[in-house]
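By convention here, the first residue in the shown sequence is residue 1. Since the structure is predicted, the reported quantities are computational estimates derived from the model, not experimental observations.
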Amino acid sequence: QEAYIGESFPVQSRMIISTKLRRVFVKSRSLRMIMALCLCFTLVFPATALGAKEFSDTKGHWAISYIQDLADQGYINGYPDGTFKPDRTMTKAEFTTALIGSLGITPSEPTKNSYPDTKSHWARKYIEEAVARGILVPSESTQLGPDQNILRSQAAAMIVRALQLETSGGTSIFTDRDDVERSLYSDEIKAAYDVGIISGFPDGSFAPYREMTRAQVCTVLVKMLEV
């Protein structure tokens, strides 16, 4: 382009135009570098460094502080339409992903399949990371059911294992004590309660087989990070 212009202008004009073009090129290259740095900053630093993200459907919700806290740290996201859907249930795969992320763990690329129903699942590497760390135990079930909703008892067990908490001699004060004791994770439920990670309902029950909502998951994960 510079040679083409030179064919129509004298030498002095060509030199002036060439100099201006070089300046434009340098400015353009500098702008590209600045944009690249901004992109890296956005990808590397959590939301707290860039300003809190607010969801359109969490104002006035009982768990808004927990939701915002976890979202600001970049450990959980909302939906493309700007909502969080706090009362929607969460799957085992989603919970495992949020748990591993909240612990600050970057999952390794999996080299095996611990469950036959997670081989091609989008959360496979998070699931395998949880298995490797003893958070999920394949011997407890032949299949994980990654798209099934996470139960309160299962969430309590995974968190207790992740933190490697002591599980013997825990407190059982729940009105549905029989249900808690029948659960495969009764010791983990008590341990999670004793350290303040998960509590019961206003009626005194724990409801170990009840599915967890996104708001409840945010609450227990924030409390886990405070232990």
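- The CZ atom of R124 lies 9.0 Å from the OG atom of S114; values are rounded to the nearest 0.5 Å.
- Taking CZ of R214 as the start and CD1 of I76 as the end, the distance is 5.0 Å to the nearest 0.5 Å.
- The structure places CD of E129 at 10.5 Å from CD of E109, a figure rounded to the nearest 0.5 Å.
- Closest approach of I105 and P107 over heavy atoms only: O-CD, 3.5 Å.
- Counting heavy atoms from C-beta on, the side chains of R210 and F201 come closer than 4.5 Å.
- S102 places a side-chain N or O within 3.5 Å of a backbone atom of A98 that can act as its donor or acceptor partner.
- Cluster annotation: I127 and I100 are assigned to the same hydrophobic cluster (Ile/Leu/Val/Met/Phe/Trp/Tyr, side-chain heavy-atom contacts under 4.5 Å, transitive).
- In terms of modelled atom types and a separation under 3.5 Å, the side chain of T175 and the main chain of S205 share a donor-acceptor contact.
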Can you list, pair by pair, the side-chain donor-acceptor contacts under 3.5 Å of residues 216-227, counting residues two or more places apart and other chains?
residue: Q216; atom: OE1; partner: T213; partner atom: N; Å: 2.9
residue: T219; atom: OG1; partner: A215; partner atom: O; Å: 2.9

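- The closest side-chain donor-acceptor pair between S168 and E166 falls under 3.5 angstrom.
- At a threshold of 4.5 Å between side-chain heavy atoms, the hydrophobic network of Ile, Leu, Val, Met, Phe, Trp and Tyr places I189 and L184 in two separate groups.
- Pairing each heavy atom of I64 with each of K59, the nearest pair is CD1-CA, 3.9 Å.
- With contacts defined as side-chain heavy-atom distances shorter than 4.5 Å, the pair Q68/F84 does not qualify.
- In this structure, I150 CD1 and E211 CD are separated by 10.0 Å, a value rounded to the nearest 0.5 Å.
- Here the shortest heavy-atom pairing between F95 and A155 reads CZ-CB, 3.7 Å.
- For the pair L103 and R133, the minimum side-chain heavy-atom distance is 4.5 Å or more.
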Start with the C-alpha gap between L165 and I197, add the side-chain angles, then the distance that decides, and say whether side chain to side chain contact (heavy atoms under 4.5 Å, CB included) holds.
CA-CA 11 Å; L165 299 177; I197 292 174; 4.2 Å; yes

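- Residue I173 is grouped with residue I198 when hydrophobic side chains (ILVMFWY) are merged at heavy-atom distances under 4.5 angstrom, including chains of intermediate members.
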Test salt bridge (charged side-chain N to carboxylate O under 4.0 Å, His left out) on E94 and K85 and set out the steps.
CA-CA 14 Å; E94 291 170 337; K85 296 179 174 47; over 6 Å; no

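- Hydrophobic clustering, with ILVMFWY side chains joined whenever heavy atoms are under 4.5 angstrom apart, keeps Y193 apart from L151.
- Inter-residue side-chain proximity for M90 and M212 is flagged as unmet; no heavy-atom pair is nearer than 4.5 Å.
- To the nearest 0.5 angstrom, L136 atom CG is 4.0 Å from M158 atom CE.
- F206 pairs by the ring-ring contact (aromatic ring centres under 6.0 Å, His included) definition with F174, not counting sequence neighbours.
- Distance check: E128 CD to T96 OG1 gives 11.0 Å after rounding to the nearest 0.5 Å.
- At a threshold of 4.5 Å between side-chain heavy atoms, the hydrophobic network of Ile, Leu, Val, Met, Phe, Trp and Tyr places Y185 and V195 in two separate groups.
- The shortest side-chain heavy-atom distance between P146 and D117 falls under the 4.5 Å cut-off.
- When all heavy atoms of S141 and Q143 are compared, the closest pair comes out as OG-O, 2.6 Å.
- A 4.5 Å side-chain heavy-atom check between Y75 and D69 finds every atom pair outside the cut-off.
- The side-chain heavy atoms of K190 and E181, taken from C-beta on, include a pair separated by under 4.5 Å.
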